[in-house]
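Worksheet: the structure to be examined is printed underneath.
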Protein chains: 2
Amino acid sequence: MSPMGHCDINTTLERAGLSKTSQRVAVLTALVHAESPLSAREILQRVSGKGRINKVTVYRILASFKAGSIIREIATDHGENFFEMACRHNPTHPHFYCRACRSLSCLPSAGHQDRWLQEYRAADESIETVAINFTGLCRRCRNEIARDPAGPLQGPSGGKRSSP
Amino acid sequence: MSPMGHCDINTTLERAGLSKTSQRVAVLTALVHAESPLSAREILQRVSGKGRINKVTVYRILASFKAGSIIREIATDHGENFFEMACRHNPTHPHFYCRACRSLSCLPSAGHQDRWLQEYRAADESIETVAINFTGLCRRCRNEIARDPAGPLQGPSGGKRSSP
DNA sequence: ACGACAGATGCAACTCGTTTGCAAACAGTA
DNA sequence: TACTGTTTGCAAACGAGTTGCATCTGTCGT
């Protein structure tokens, strides 16, 4: 989907002033190769195979990456946040969040987003980021509901946790 | 700031098919009179004075209000979500979230928001809501940092929880 | 007004994402 | 190689939000 895998791991870490540890390389690699934004949990899963790494370390690495503007964080209802590369190959764009399966996907850029950021920044220099988030049901969940309207996936409202 | 207080409590509850309990009236009143979106915690505080009410009840009431399209929910990094009236006196608009004091405020509507919702809906009917969220430092926190750059409020990155 | 019943509330305990404190492991440098 | 600041792992904590269940309360029919 997104033109990923372009960013060099070493260069990226260097430019952010971060030393090259195996854990940071692993997390960054996972993010660079991700087809869509990843949650901390997903990152931990993908990285656990290669070498020993801890949940806490993942969170700390993500915090340092965000501090170095290597990645962006995308908030969702439900508390679980997602992370994606913030390199020039991946300009800011809207996201779509499925309230049923709680997956996040990227939408084509509306083009306005960075322009807005500039405009609003001029008006009030404290603004640092813009996020445009769409919510609804992804195709798969919509079909699932059509098949079983009484299932665990309710209408545009419903409970928060989908799994018991 | 926002032209609130216009919505009749009874009518609003009735139209959503919700019985008129003292707790629902209290929560709805708090939201109608709020000058900016409120978190569940803030709602609980404001409502605790008037009659007995429980945290869980607040969450359940908010869920039912959202189900009835009485309110909108605004997600933030940090997991704490905010709620605001969704009546016709308060059309959808962007929000600004201060990453330091974690307050949420309303921004003037860019006008695009509802139009976008229509357009994207046409392309993929599963989309239900759009959210436009700006992040940064509010005026107060910016000044605070200027005064004490080594204080608890770091740069555009930093940790999440501000309190110990 | 009264009584019954579905729906709403309170309480306690829980889940889950995220954070903190501290000691052990590590990287970069002298 | 020894030294020193950084990074990691572990366990425990935190806070928002949720669930199960017993109790209470609107609402509706009489």
Side-chain angles (χ1 to χ4, degrees), chain A residues 10 13-14 16-28 37-45 47-48 50-68 73-83 99 102 104 152 154 157-164, chain B residues 9-10 13-14 16-28 38-45 47-48 50-68 73-83 99 102 104 152 154 157-164:
Chain A
N10 294 343
L13 287 175
E14 247 173 61
L18 296 170
S19 59
K20 185 185 170 184
T21 69
S22 66
Q23 290 88 342
R24 292 214 255 246
V25 170
V27 170
L28 190 50
L38 301 176
S39 67
R41 188 167 37 81
E42 290 169 324
I43 292 171
L44 184 59
Q45 284 169 3
V47 158
S48 287
K50 335 178 184 299
R52 189 151 279 95
I53 190 167
N54 186 272
K55 177 179 66 157
V56 178
T57 305
V58 170
Y59 280 111
R60 284 197 274 233
I61 287 177
L62 289 171
S64 68
F65 283 3
K66 203 183 164 195
E73 185 170 6
I74 301 112
T76 67
D77 310 347
H78 309 110
E80 197 179 27
N81 290 175
F82 288 77
F83 301 87
R99 62 175 167 76
R102 295 169 188 201
L104 190 78
Q154 277 75 23
S157 49
K160 299 218 155 184
R161 296 276 145 76
S162 57
S163 40
Chain B
I9 305 289
N10 294 344
L13 287 176
E14 246 174 62
L18 296 169
S19 58
K20 185 185 170 185
T21 69
S22 66
Q23 291 88 342
R24 292 215 254 243
V25 170
V27 170
L28 189 50
L38 301 176
S39 67
R41 187 168 38 83
E42 289 170 324
I43 292 171
L44 184 60
Q45 284 169 3
V47 158
S48 287
K50 334 178 183 300
R52 190 151 278 97
I53 191 167
N54 185 271
K55 177 180 68 155
V56 178
T57 306
V58 170
Y59 280 112
R60 284 198 273 233
I61 286 176
L62 289 171
S64 69
F65 283 4
K66 203 183 165 197
E73 184 170 8
I74 302 113
T76 68
D77 310 346
H78 310 110
E80 196 179 27
N81 290 175
F82 288 77
F83 301 86
R99 62 173 167 78
R102 296 169 187 200
L104 190 79
Q154 276 77 23
S157 49
K160 299 215 153 184
R161 296 274 145 76
S162 56
S163 40

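We name chains A, B, ... by the order of the sequence lines, and we start the count at 1 in each one.
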Less than 3.5 Å between a donor and an acceptor, one on the side chain of B:Lys55 and one on the base of D:dG17, is that the case here?
yes
Can you tell if the side chain of A:Val25 reaches within under 4.5 Å of the side chain of A:Leu13, non-hydrogen atoms only?
yes
Given the structure, check if the side chain of A:Arg60 and the base of D:dG9 hold any donor-acceptor pair shorter than 3.5 Å.
yes
Taking OP1 and OP2 of C:dA8, is either one under 4.0 Å from a side-chain nitrogen or oxygen of B:Thr21?
no
Candidates C:dG10, D:dT7, D:dG9 - which lies nearest the side chain of A:Ile53:
D:dG9
Within this structure, what is the CD-to-C1' distance between A:Glu80 and C:dT15, rounded to whole angstrom?
13 Å
Hey, which of these two, B:Leu18 or A:Ile61, hits DNA chain D nearer its 5' end, going by closest nucleotide?
A:Ile61
In whole Å, I'd like the distance from the NE2 atom of B:His78 to the P atom of C:dG17.
17 Å
Among the nucleotides D:dC10, D:dT7, C:dT18, which one has an atom lying closest to any side-chain atom of A:Tyr59?
C:dT18
Side-chain N or O of A:Gln23 less than 4.0 angstrom from OP1 or OP2 on D:dG9?
yes
Which whole-number value in Å describes the distance from B:Lys20 NZ to D:dT27 C1'?
13 Å
If only side-chain N and O atoms of B:Arg24 are considered, is one of them under 4.0 Å from the OP1 or OP2 phosphate oxygen of C:dA8?
yes
Short side-chain N/O contact from A:Asn54 to OP1 or OP2 of D:dC10, under 4.0 Å
yes
Of all heavy-atom pairs linking A:His78 and B:Asn81, the shortest is N-OD1, 4.2 Å
For B:Phe83 and D:dA16, give me the distance from atom CZ to atom C1', rounded to whole Å.
10 Å
Say whether A:Ser19 and A:Arg24, considering side chains only, have a donor N or O and an acceptor N or O under 3.5 Å apart.
yes
Would you mind reading off the distance between B:Glu42 atom CD and D:dA16 atom C1', rounded to a whole angstrom?
13 Å
For B:Arg52, answer base if it contacts any base atom (sugar-phosphate contacts may also be present), sugar-phosphate if it contacts only those atoms, and nothing otherwise; contact means non-hydrogen atoms under 4.0 Å.
sugar-phosphate
What is the distance from CD of B:Glu73 to C1' of D:dA16, rounded to the nearest Å?
11 Å
Over all heavy atoms of both residues, which pair between B:Lys66 and A:Asp77 is shortest? Give the atoms and the distance, please.
NZ-OD2, 3.7 Å
Would you check if B:Lys20 and B:Asn10 make a side-chain contact, meaning some heavy-atom pair closer than 4.5 Å?
yes
Interatomic distance where NZ belongs to A:Lys50 and C1' belongs to D:dT8 [whole Å]:
20 Å
How many whole angstroms separate atom CZ of B:Arg41 from atom P of D:dA16?
5 Å
